[in-house]
Structure formats: structure tokens, C-alpha cells
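Remember, it's 1-based here, ligands and their atoms both numbered in the order they're listed.
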Amino acid sequence: MKITGIETCGLRGATPEGGWSNELKPDDVVHTLVAVHTDEGPVGVGSAFTSESLVRGAIELLAPHLYGQDPREVERLTETLHQTAFWMGRGGSLTHATSAIDIALWDIAGQALGRPVGALLGGRYRDRVRPYASVLMDEEGPMTENLLALAAQGFRAFKIGWWKFGRVDARTDERTVAAAREAVGDALLAVDAGGSEGYFPGSLSWAKRTARMLADYDVAWFEEALAPDDIDGFVELRASSPVPISGGEVLTRRQSFAPYLARRAFDIVQPDTTKGGGLSESRRIGWAAQDAGVRLIPHGWNTAIGLAADLQLSSALAHTDLVEYKTGSEYVDALVEGGWTLDTDGMLPIPSAPGLGVSLSRETLERYGTRPDFARPRG
Ligand SMILES: [Mg+2]
């Protein structure tokens, strides 16, 4: 089997807000699908968290290392992309695009071997996983309504994040968390400060004080409490925090995670499989995390293909029993045929069909894709 083509499809028209100070607009393309075609039929699909034009530029550079190669040799191909990227944008757009290509290659390998990707990643520890409903914070009224609606949909775990948290005063922080706790009852509740927003003002002393407040509300973890590069700050925060400390969503490549794991900066590490290097890299980060006594819970503020990849990843990592479900996004809810259905325990079944085990909704692609004929098998 040989790789014969690679194509891209940006998603626009329903891009949800990200909580960024320079807020996203519906037509901004920040998620791009990638399809890898083969001479024997299988088409693999991946997702990258960046614009389509950057992915296309990256593919122009990377394609010579892929065309004509056997797509089932996923690790070798992805590692070759990393190894050839030293001078050309490694860790940035090239790594984001590599993430989508890697996911697509695993999808092909699974289809070719008739196995779900998780089985190929090492084996399935679980066949369902708890998705936590990820929402942006808001004033108490609308936020409570949103959380109650998600609970009614069957979600049993929640995360609130960004907005004014850490940006106004301690009273606003506590009022917001108290309202969310009241809304979700005993359910799992995590809090995300969104420290990867540009010029996030949260200081180490703010983070330490806030961690103590969050413990009063039995918060499951405190995410991105500091700017993402502040490794010394995270080490100190984690050493004193009564709640687990998490982060890593903007880090890419396993080598970037290594010092955070070695120095015990996080209790939970959160690579984004559509950014950090794909399933190959997330798996290696997951294995390294396990050896360091750190949990991996994937960052999933992306697409249904990213979620499908995270489901397969979570099946193959011993301690990954949660995935992020970005709520209120058509790119997650409606991008794959049949959508996603929680079972009565609020769990998501992990597809067991070959590859990622999902197929793209043609209707949704026609509505939001820059290329409606994307990923169609070529005769
Ligand atoms: Mg986050």
C-alpha cells in the first residue's frame, strides 16, 4: 500500500468562541481536516488545530517524505516528519500539520488491519470513557442554565474556564465556581484559568490562593493556572496545591513535555492530539507521564476527528479515563455520521470499528467545509 495524495479541508461558518481576548469569529478557520489517500482504497482522516493555509504550506514541505510510502508504517513516517523539521518550523505549524497526518495514518492502518486504532496503539484498556463537558465561564445565570442543559443531555462531568477568571478579583472567581458547583451538584467539576491567553495576568501568589479556594468546592483539577511556559511557577504551585494541577495544552512534541514531567510540574498533563504531534506523540507523552506518576487527560477543544482520536488514545492508556468534550460546537457535535451518544452512565462508547471508527458527515462538510468533496475515495 502506498500514499498517493494528501488533501485539506478547513472548517468555517460555525467556529465557536475560544474565550480569547482577540475573539474568534464564525468564519475564522482554526481547525483543518487532512485526508491521506492510498493506492489500495483506504482514506485516512486527521485534524489539525490551525488554519488551512498553514496546513497546506506545511504539507508542501512534508509531502515528499510521504508520497509513495507505506501508510501503515505510522511511527517511522511521523518520526521522519519530526526529524526533517528542525529548520523549518518544528513545534509550530509543521507539528500541527504532522498531528493531522499522523492521525490519518493511524486511521488507514486500522482500516487496513481491520482493527480499531486503540488496539494498534497497544491495546484497549476500556471500551467506554467519561467525557467531561467543557464550557466557557459566563455570568451565573447563563452559565447555570448551560450546565443544567448539559446535565440534562447526560453529561456527568464538567469543566468551566477562561472568561474573567483570574482577571477581575477573588470575589468574581469564587462566585463563578460556587455557581457552577451549585449547578452540577456532586458531579466532577474542573476549573480552567486559561493561562495560555495572551498576557494572562494570574501570578503565582494568585494561583496558590485560588487553589485553596477551589479545594473548598471539591474541584477535580486546576488547569493552566499560570502562563504555559512558567515551569518554575508550576513546580512551586503543584508542591503546595490542595487540588491537582494540570496544563500542557499549548505544548507540542514530546520533548517539550519532558521537563514538565521530570520536574513534577503537573499532576495531569493535557496534550492536544491535533497539535502536539498526533496520536504517536500523545501516546509517547502518555507513557512517559505514567512512568512519572502523572495522568494524561487529552485537551479536546477541536473537532469530532480530534475527539475520535482522543477516544482511541484513551482506550490505549491505562489511566486515561476522561476526555474533553468541547460543547456548543457543530465541528464536534455534527461532523461525524450519527454524532455522539452518551450512555446512561454519561459515558461515551469508544468506537470499535476499524481505524478511528467514524465517518465524516457529508451534510456537515457541505455546510462548513472549504472542500465539500473532501476525503472521497478516488477511483
Ligand atoms: Mg484549557
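Around the Mg ion (ligand 1), protein N, O or S atoms at less than 2.8 Å number 3.
Applying the side chain to side chain donor-acceptor pair (under 3.5 Å) criterion to R130, with sequence neighbours excluded, gives no partner residue. In this view, R362 satisfies the side chain to side chain donor-acceptor pair (under 3.5 Å) rule with no residue, not counting sequence neighbours. Checked against ring pair (Phe, Tyr, Trp, His ring centres under 6.0 Å), W206 has the following partners two or more places apart in sequence or in another chain: F165, F200, F222.
When all heavy atoms of T274 and S47 are compared, the closest pair comes out as CB-O, 3.1 Å.
The aromatic ring centres of H31 and F49 sit less than 6.0 Å apart.
Remark: of the listed residues L77, I108, D70, I101, L77 is the sole one forming a side-chain contact (heavy atoms from CB on, under 4.5 Å) with I3.
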